[in-house]
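Heads up: the structure comes next, in structure tokens.
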Amino acid sequence: MAIIKIEDISKYVGEEVTVQGWAYNRTDKGKLVFLLLRDGSGFVQCVAFKGDLDETTFDQLTRLPQESSVIISGPVREDKRAPGIPGGYEIGVKKVEFVQLAAENYPMALKEQGVDFALDHRHLWIRMQSQWAILRVRATVIAAIREWLDTNGFLNVDTPILTPAACEGTSTLFATEYFDEGFAYLSQSGQLYNEADIMAFGRVYCFGPTFRAEKSKTRRHLTEFWMVEPEVAFCDLDGLMEIEEQFVTHIVQRVLRDRMPELKFLGRDIARLEKIIPPFPRISYDEAAKKLQELYEAETAPEKKALLKFDWGIDFGAPHETALTNLYEKPVFVYGYPTAVKAFYMEPWPGRPEVCKSVDLLAPEGYGEIIGGSERMSSHDLLLQRIHEHNLPEEAFTWYLDLRKFGSVPHSGFGMGVERTVAWICGIEHIREAIPYPRTIKRVYP
RNA sequence: UCCUCGCUAGCUCAACGGCAGAGCGGGCGGCUGUUAACCGCUAGGUUCGAGGUUCAAAUCCUCGGCGAGGAGCCA
């Protein structure tokens, strides 16, 4: 008898199959037991009638502890009443093998958990349907990222996680002792290395964990998160935006194709995701500032109004991003930020040195910045001047400056936060649910 | 770092100065279509900690601990 995956169950209607999994939920009704079984690929209802099984087996099923591991065989039936992911199918129980009877004090109730409790039990929480669905979407987002980049001329060239100093000289870094070399720091970006790599390979991306030691405490921050950073030689800011919108569209459409049961279980508004196709709106920082001023004046609630206060020259806060993106149904590009609020390596806007060729992509529905990118500075002398202005140690950037001495070209790149993207696509409140084991300022367990 | 909030049964919460409770989960029993099943019975407590006010504190006050939401910073 074939061992099948629950996600493929629709192919086996009328056949006898075997599934290997865990008892997710159970309800019994006299001579009938309903067992919701999960096998990692999905959730399916198994129905046992007392008359179909020997007395001992049936009796054991009626008192089967939650999360017990079992192997169940029987015929697949289509039945609209059957719950599951995907729902609508059930297995009539003919044979049961009890692999392990779980202890009776399984701590996770099948309902909403308090955040603290749920995170302390993350190793069990990931078994629950909601978390399982989110992490399945995450895997598909990652697959789609690699798929699009690999088929569009990008070479995966990974960058070091242990680095000598701050890439951008801004964020707070995690430090670790490094033999006789003093300290090494956990990477907050592979971008500077990417710039070296494109001069060897043309188009590259790095993809891995990224670390920020800032004491951020919001639903949009983790201390360890995953970022994909593509970088492209011979590419200006407009070219970069075209790449970003194709890239994001591919990711969303791939998730819609492969993870519809998960999205539906999560209650995601599918229609909103289906609208994510090019072109995305593009507005300048100046235009965004004007719109924010209008929104500020139109806001009547004093508390909200205070949060929306905005003057030209400042970076957007979360309330600004939310207000701005609520004007659009698609992700929106905001380009040309003030030079003063951005990193030292961004190309100045021609004729307007107070503005730089940077672009952020802000996700709709209040999810905020999912991509930050820019055209990089290609002039050696200007770059050196900026390094001095930012009080960065010139000797640490010798190799980076070399890139502008030997065949410098216009080039651009961006970084996309995986967890923010997953949170947006899933429609969940907090990005800690978009990574298997979240690391936050107050949590490194489990 | 700052502001705000929370901590009571395994979980989610109620009791808000006067006997510490409910639902879920656990155990036992009943029921042939359950969807967080339902019905009956049952076990389960250092009310985060220390100190204080009071005849009386889960409840009020002080200090501490732990956590969350938000700001700043960022993806």
Check the interface with nucleotides 69-72 of chain B: list each N/O to N/O pair with the protein under 3.5 Å, or write none.
from	atom 1	to	atom 2	distance (Å)
B:G69	OP1	A:His430	NE2	3.0
B:G69	OP1	A:Arg432	NH1	2.7
B:G69	OP1	A:Arg432	NH2	2.9
B:G69	O3'	A:Arg219	NH2	3.4
B:G70	OP1	A:Arg219	NE	2.0
B:G70	OP1	A:Arg219	NH2	2.5
B:G70	OP2	A:Arg219	N	2.8
B:G70	N7	A:Lys217	O	3.0
B:A71	OP2	A:Arg220	NH2	3.2
B:G72	O6	A:Lys217	N	3.4
B:G72	N1	A:Lys215	O	3.4

Which protein N or O atoms sit under 3.5 Å from an N or O of nucleotides 22-26 of chain B?
from	atom 1	to	atom 2	distance (Å)
B:G23	N2	A:Lys111	NZ	2.5

For nucleotides 41-47 of chain B, which of its nitrogen or oxygen atoms have a protein nitrogen or oxygen under 3.5 Å away, and what is each distance?
none

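Summarising the geometry, the separation between CZ on A:Phe117 and P on B:U8 is reported as 12 Å, rounded to the nearest angstrom. For the pair A:Lys29 NZ and B:C31 C1', the interatomic distance rounds to 5 Å; values are reported in whole Å. In this structure, the CZ atom of A:Arg81 is 9 Å from the P atom of B:G33, given to the nearest Å. Atom CD of A:Glu321 is separated from atom P of B:C74 by 11 Å (rounded to the nearest Å). In this structure, the CD atom of A:Glu419 is 19 Å from the P atom of B:C74, given to the nearest Å.
In the displayed structure, A:Lys264 atom NZ is contacted under 6.0 Å by at most 12 heavy atoms of other residues, nucleotides or ligands.
Base pairing in RNA chain B gives the following stems of 3 or more Watson-Crick or G-U pairs, range against range and under 3.5 Å: B:1-7 with B:65-71, B:10-13 with B:21-24, B:26-30 with B:38-42, B:48-52 with B:60-64.
Across all strands, A:Glu90 comes closer than 4.0 Å to base atoms (heavy-atom distances). Looking at heavy-atom distances under 4.0 Å, A:Leu222 makes contact with a base.
The separation of B:G33 from B:C5, taken at their C1' atoms, amounts to 45 Å, rounded to a whole angstrom.
A:Asp238 is linked by a side chain to side chain donor-acceptor pair (under 3.5 Å) to nothing, counting only residues two or more places apart in sequence or in another chain. Taking the side-chain contact (heavy atoms from CB on, under 4.5 Å) definition, one finds that A:Ala340 meets it with nothing, sequence neighbours left out. With sequence neighbours left out, the side-chain contact (heavy atoms from CB on, under 4.5 Å) criterion links A:Asp150 to A:Arg146, A:Tyr205.
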Show the atom names and distances, to 0.1 Å, of all donor-acceptor pairs under 3.5 Å that link a side chain in residues 425-435 of chain A to residues at least two apart or in another chain.
from	atom 1	to	atom 2	distance (Å)
A:Glu429	OE1	A:Arg219	NH1	2.5
A:His430	ND1	A:Arg432	N	3.1
A:His430	NE2	A:Arg432	NH1	3.3
A:Glu433	OE1	A:Gln131	NE2	2.9

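The stretch residues 55-77 of chain A participates, sequence neighbours left out, in these salt bridge (charged side-chain N to carboxylate O under 4.0 Å, His left out) pairs: A:Arg38-A:Glu67, A:Asp59-A:Arg63, A:Glu67-A:Arg127, A:Arg77-A:Glu90. For residues 93-107 of chain A, no pair satisfies side chain to side chain donor-acceptor pair (under 3.5 Å), with sequence neighbours left out. Residue pairs satisfying the salt bridge (charged side-chain N to carboxylate O under 4.0 Å, His left out) criterion with at least one member in residues 357-371 of chain A, sequence neighbours excluded, are listed as follows: A:Arg268-A:Glu365, A:Arg272-A:Glu365, A:Lys342-A:Asp360, A:Lys357-A:Glu375.
Side-chain to base pairing of A:Asp116 with B:C66: no donor and acceptor N or O lie closer than 3.5 Å to each other. In terms of polar N and O atoms assigned as donor or acceptor, the side chain of A:Arg63 never comes within less than 3.5 Å of the base of B:C28 in a complementary pairing.
Taking every heavy atom of residues 43-56 of chain A and every atom of RNA chain B, pairs under 4.0 Å involve A:Gln45, A:Phe49, by number.
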Legend entry - Verdict with supporting geometry, A:Glu245 and A:Lys330, salt bridge (charged side-chain N to carboxylate O under 4.0 Å, His left out): CA-CA 10 Å; A:Glu245 95 192 341; A:Lys330 296 182 188 182; over 6 Å; no
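Rounded to the nearest 0.5 Å, atoms OG (A:Ser284) and OH (A:Tyr337) are 10.5 Å apart.
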